[in-house]
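Down below is the structure, laid out as structure tokens.
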Number of protein chains: 2
Amino acid sequence: MARAATTLDPFNAIAEPKRRLVLGALAAGGGELTVNALTNTLGWPQPQVSKHLAVLRQVNLVSVTRRGRERMYRVNGEPLRSIHYWTKAFEQFWEHQLGRIKDRAEAMANHVQSPSKHPKETTQ
Amino acid sequence: MARAATTLDPFNAIAEPKRRLVLGALAAGGGELTVNALTNTLGWPQPQVSKHLAVLRQVNLVSVTRRGRERMYRVNGEPLRSIHYWTKAFEQFWEHQLGRIKDRAEAMANHVQSPSKHPKETTQ
DNA sequence: TTGACATATGCCGATATGGGTATATATTGT
DNA sequence: ACAATATATACCCATATCGGCATATGTCAA
């Protein structure tokens, strides 16, 4: 088995730097842009843009609306919200890097699953 | 070229579901755990655990300390903070999008310019 | 020293990925 | 009907990835 399909979840979708740029361009463009506009803004070959958009579409990070022969792509923030929350769960690990990690982790333990208790020292 | 190396940035590192589980387990285990503890908690073959830890190590998502023949792995939140901020930039795109995506997209299309009568293909 | 334990690493195979190029599929304009 | 425009897809290739298994490396214990 290789890496899980990119199309399965938003984490994977935004793992690709160019896909993040696409989302950024869309956001900067007022939230919605045409493939053509994106292609010009990003300066990439059109098929490349379309392909990345296809991936973003599959994980629901963007939605499309046809307008004549153009397609309007819009950012859909929902999936990013879940990622935002996932990372937030680790907030304690960047706020007090050196202190009280254990105490706060206890609270987290109640949220996730039972950790294997092996009370060791807080290493040097 | 295939996807950019997983070791290059945290976005890629956490794209792998199992790696997220590793981080979760570490967090639940008080912020730091032994490879052995992780292996038991996760129930995966040890080499697999070690390899995922190696990736997380390379993007600085975890740090290690040797303790005898064991190695204590610790969550390092910093890289997750940047991801947290990146997603936050899209906050505006999930705050006002509580309704059906399709409906909203069409309403938007009507708002902006000439509406399309052929919503054959929307979000895929 | 020998052996058990803890962890990392190397190699292999199957597969998904991203980029490039060409082309198919609309849709609009003349 | 035909050309032009907008976008999506198919195909190919080079490569990185994950998982499994065997094994190397390092450390403690008797």
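Quantities reported herein were computed from a predicted structural model and do not represent experimental measurements. Labels below follow one simple rule: chain letters A, B, ... track the order of the sequence lines, proteins then strands, and each chain is numbered from 1.
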Original post:
When you look at B:Arg74 and B:Thr65, which way does the side chain to side chain donor-acceptor pair (under 3.5 Å) test go after all the steps?
Top reply: CA-CA 8 Å; B:Arg74 221 170 309 104; B:Thr65 310; 2.2 Å; yes
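Between B:His52 and D:dG19 there is a side-chain polar atom (N or O) within less than 4.0 angstrom of OP1 or OP2. OP1 or OP2 of C:dT9 lies within a sub-4.0 Å distance of a side-chain N or O belonging to B:Arg57. Applying the 4.0 Å criterion to OP1 and OP2 of D:dA6, one finds that A:Tyr73 has every side-chain N and O outside that range.
The two residues B:Leu42 and B:Leu21 have their closest heavy-atom pair at CD2-O, 4.1 Å. Shortest non-hydrogen contact noted between B:Val35 and B:Gln46 is CG1-CG, 4.5 Å. Of all heavy-atom pairs between B:Ala27 and A:Phe90, the closest is CB-CE2, 3.8 Å. When all heavy atoms of B:Leu38 and B:Val22 are compared, the pair lying nearest together is CD2-O, 4.2 Å.
Atom pair B:Arg19:CZ and D:dC18:C1' shows a separation of 9 Å (rounding to whole Å applied). In this entry the distance linking CG of A:Leu53 with P of C:dG19 reads 13 Å, nearest Å. One can place CG of B:Asn12 at 17 Å from P of C:dA16, the figure rounded to the nearest angstrom. Put simply, CD on B:Gln58 is 13 Å from C1' on D:dT17, counting in whole angstrom units. The nearest whole Å value for the distance from the CZ atom in A:Phe11 to the P atom in D:dT17 is 19 Å. Taking atom CG on B:Leu21 and atom C1' on D:dG19, their separation rounds to 16 Å, with Å as the unit. As a whole-Å value, the separation of B:Asp9 CG from D:dT17 C1' is 15 Å. One can place CG of B:Asn40 at 13 Å from C1' of C:dC5, the figure rounded to the nearest angstrom.
Side-chain atoms of A:Asn76 never come within 3.5 Å of backbone atoms of A:Ser63 as a donor-acceptor pair (strictly under, hydrogens ignored). Under the 3.5 Å distance criterion, the side-chain polar atoms of A:Arg20 are matched with a main-chain donor or acceptor of A:Ala15. At least one donor-acceptor pair under 3.5 Å links the side chain of B:Arg19 to the backbone N or O of B:Ala13.
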Subject >> Strand DNA chain C as a dot-bracket string - pairs counted if Watson-Crick or G-U with both distances under 3.5 Å, | where the partner lies in another strand >> reply: ||||||||||||||||||||||||||||||
**OP:** List the protein contact pattern of nucleotides 20-30 of chain D with one symbol per nucleotide (5' to 3'): B for base contact, S for sugar-phosphate-only contact, - for none; contact means a heavy-atom distance under 4.0 Å.
**Re:** BBB---SBB--
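Under the 30°/60° scheme for interplanar angles, the aromatic rings of A:Trp94 and B:His84 are found to be tilted.
Here A:Thr34 lies in heavy-atom contact (under 4.0 Å) with sugar-phosphate atoms only.
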